[in-house]
2 protein chains.
Amino acid sequence: MSAVPLHQRIRDEIEGLVRSGAWAPGYRVPFESELMAQYGCSRMTVNKAMSALAEAGLIVRRRRAGSFVARPKVHSTVLDIPDIQAEITARGETYAFRLLAAERRPADPDDGDEIELAGEGELIVLRGLHIAGGRPFALEDRLISLSVVPEAATADFAAEPPGAWLLHHVPWTEAESRISAVGAEAFVAELLALDPGAALLAVERRTWRAGEPVTRVRQLFPGEAYDLVARFGPAR
Amino acid sequence: MSAVPLHQRIRDEIEGLVRSGAWAPGYRVPFESELMAQYGCSRMTVNKAMSALAEAGLIVRRRRAGSFVARPKVHSTVLDIPDIQAEITARGETYAFRLLAAERRPADPDDGDEIELAGEGELIVLRGLHIAGGRPFALEDRLISLSVVPEAATADFAAEPPGAWLLHHVPWTEAESRISAVGAEAFVAELLALDPGAALLAVERRTWRAGEPVTRVRQLFPGEAYDLVARFGPAR
DNA sequence: CGGTTCAATATGTATAGACATATTCGCGAG
DNA sequence: CTCGCGAATATGTCTATACATATTGAACCG
């Protein structure tokens, strides 16, 4: 009853192994000859699957060396506000992250976001301030699921901001962003050194890895300070 | 000196014909057998090119019938705020567009945006208000290049808002969006029925077709009224 | 010891042929 | 005239084979 063509099945299985993290970036995917043996098919069939994965950017192929799980480009998924730190230093400004609060605890049973992330397990709950050129640049509130990302328990988010840390440690995620504009509440205005009511760009992003919720972040940017740029067109 | 493989060349040439609009949506692409003859190669080579185009969503293939230039899904390019009208009616609210100003003229020689769009030719310059459920929803300022889209000269933008009209008449575009938050100026606040200084979501989008600039639009949304949602992940 | 050459190897491209499958068209029966 | 069925057709999948090309590692030589 397999209406699924073989090259598709090979492709899907490898894609699953990559996206789930079972094969980390840099891992050497089996050679075409090995996959031929494993699936009992011809090289062209394996090749079709692997070429498609390479075109999709999940693997990188090198003659004579083999095929490897790609290291996702930091800028991969457009608009992701990929890495505020990288963004700022690329502009030539100094960057700092001030961790305002950090705790580890189970989900608040009244908070849907927290329950979705933590399940029965625990969360990391963070608040921090991104600082560019000495001036406040963004306020960030973040939740991280410890059941999906146990390594987060021992990460030092004062040294490496959580966004950057997650990008480096949890590749191949999917994300959904909601973007809106809000006026600054009093305590936010104070933290960002703005007048109360000033226009802020609000970004809320939720991220999954192979269907498992990884993190949820809310970021507030002074409206004038940040332009979110998204470009759509031919990938190559 | 063609380091370009043949299947890639076939793919690129067809992609160019589609993206430039030379082959409109619905056009029947030559059969594999015809392309075999045209390029003097085997069917597998043609097939590789066509399969890739199909996967990229540029063409649709139907057994026995042939291959056709795809009709781009309105929602294709994420985050494009594709069609405000469609968005609003999908929510079950009534939609209206009030055209506040429309003119046709050469580019202002002091305005870079206008010159880029018009070149030596003329522009359509529009201002309009999107209205949802009887209340102002967005203010839109738009430029359209008449040299790239001559049909725009005879379009009735009071009947069909310019965003929707362009989506239906100029497929296969690329776009770049800049998103920020601003406080409402007095005249904007009045048009949108808000207090001056209220937080607005500002979207500026520029669109190209095969490298030619098509349109540039600035839209202002009441921050609380609109959530821009962008989702990133497996395309299929 | 350093550098060059060369052969081994994994992927890249292309071919010809075969059979499967979905869809359409036309023909013939009712 | 309509319905159903079968033949024609374009794409979908897969095989076996061949040669090209980039890269690596090791043998070889100065």
Side-chain angles (χ1 to χ4, degrees), chain A residues 1-18 23-71 234-236, chain B residues 1-18 23-71 234-236:
Chain A
M1 287 290 100
S2 87
V4 192
L6 182 52
H7 67 83
Q8 185 75 51
R9 214 189 99 206
I10 299 174
R11 189 181 157 171
D12 289 346
E13 291 187 12
I14 295 177
E15 179 165 346
L17 289 163
V18 172
W23 289 357
Y27 178 89
R28 210 213 76 221
V29 176
F31 297 129
E32 295 191 350
S33 55
E34 300 177 274
L35 292 169
M36 285 170 65
Q38 180 178 333
Y39 289 97
C41 66
S42 79
R43 204 187 130 214
M44 280 304 289
T45 303
V46 169
N47 187 279
K48 184 162 187 172
M50 297 288 275
S51 302
L53 288 168
E55 186 150 347
L58 264 100
I59 66 174
V60 169
R61 314 200 74 193
R62 282 168 46 210
R63 282 167 157 144
R64 167 69 212 248
S67 303
F68 302 84
V69 176
R71 313 194 168 278
R236 276 170 303 163
Chain B
M1 288 297 99
S2 84
V4 193
L6 182 53
H7 67 82
Q8 184 76 50
R9 214 189 98 207
I10 299 174
R11 189 181 156 169
D12 289 346
E13 291 187 10
I14 295 177
E15 179 164 347
L17 288 163
V18 172
W23 289 357
Y27 178 88
R28 209 212 75 220
V29 176
F31 297 129
E32 294 191 351
S33 56
E34 300 177 276
L35 292 169
M36 286 170 64
Q38 180 178 335
Y39 289 97
C41 65
S42 77
R43 203 189 131 211
M44 279 303 289
T45 302
V46 169
N47 187 278
K48 184 163 187 170
M50 297 288 274
S51 303
L53 288 168
E55 185 149 351
L58 264 99
I59 65 173
V60 170
R61 313 199 75 195
R62 283 168 46 210
R63 283 168 158 140
R64 168 67 214 246
S67 303
F68 302 83
V69 176
R71 315 194 166 275
R236 279 170 302 160

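Protein chains get the first letters and strands the later ones, always in sequence-line order, with residue 1 at the start of each. Since the structure is predicted, the reported quantities are computational estimates derived from the model, not experimental observations. Atoms considered below: every heavy atom in the structure, side chains included; atoms not considered: hydrogens, waters and symmetry mates.
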(message) Under 4.0 Å from OP1 or OP2 of D/dA10: is there any side-chain N or O of B/S67 that close?
(response) no
(message) Check the phosphate of D/dT9 against B/R62, side-chain N and O only, distance under 4.0 Å to OP1 or OP2. Yes or no?
(response) no
(message) With a cut-off of less than 4.0 Å, is there a side-chain N or O of A/R61 near OP1 or OP2 of C/dG12?
(response) yes
(request) When you get a sec, tell me which of C/dA16, D/dT13, C/dT11 is the closest nucleotide to the side chain of B/S42? (result) C/dA16
(request) Provide, to the nearest angstrom, the distance between the CG atom belonging to B/L6 and the C1' atom belonging to C/dG12. (result) 13 Å
(message) In this structure, how many angstroms lie between the P atom of C/dT23 and the CZ atom of B/F31, rounded?
(response) 15 Å
(request) Ignoring the backbone of B/P5, work out which of C/dT13, D/dT15, D/dC14 is nearest its side chain. (result) C/dT13
(message) I'd like to know if A/R64 reaches the base of D/dT24 with its side chain such that a donor and an acceptor end up less than 3.5 angstrom apart.
(response) yes
(message) How many whole angstroms separate atom CE of B/M44 from atom C1' of C/dC19?
(response) 14 Å
(request) Look at the side-chain N and O atoms of B/S51 and state whether any lies under 4.0 Å from the OP1 or OP2 oxygen of D/dT11. (result) no
(message) As a test of reading the structure: which of C/dT11, C/dT15, D/dT13 is closest to the side chain of A/R63, going by heavy atoms?
(response) C/dT11
(message) Taking A/R11 first and then B/E55, would you say they form a salt bridge - that is, a charged N and a carboxylate O separated by under 4.0 Å?
(response) yes
(message) A cation-pi test, strictly: NZ or CZ of A/R28 under 6.0 Å from the centre of the six-membered ring of A/F31 and no more than 45 degrees from its axis. Yes or no?
(response) yes
(message) Output the rounded distance in Å from CZ (B/R28) to P (D/dA10).
(response) 8 Å
(message) Of the listed nucleotides (D/dG12, C/dT11, D/dT15), which one gets closest to any side-chain atom of B/E32?
(response) D/dG12
(request) Compare all side-chain heavy atoms of B/L58 with those of B/M50 and state whether any distance is below 4.5 angstrom. (result) no
(message) Looking at A/R43 and C/dG12, is any side-chain donor or acceptor paired with a base atom of the opposite kind under 3.5 Å?
(response) yes
(message) Rounding to an integer number of Å, can you tell me how far B/N47 CG sits from C/dA18 P?
(response) 18 Å
(request) Starting from P on C/dT13, measure out to OH on B/Y39 and report it in whole angstrom. (result) 17 Å
(message) Testing the basics here: between B/S67 and B/I59, what is the closest heavy-atom pair and its distance to 0.1 Å?
(response) CB-CD1, 4.3 Å
(message) From CD1 of A/I10 over to C1' of D/dT13, roughly how many Å is that when rounded to an integer?
(response) 12 Å
(request) Rounded off to whole Å, could you give me the NZ-to-P distance for the B/K48 and C/dT15 pair? (result) 12 Å
(request) Drop me the distance from B/R61's CZ to B/F68's CZ, to the nearest 0.5 angstrom. (result) 11.0 Å
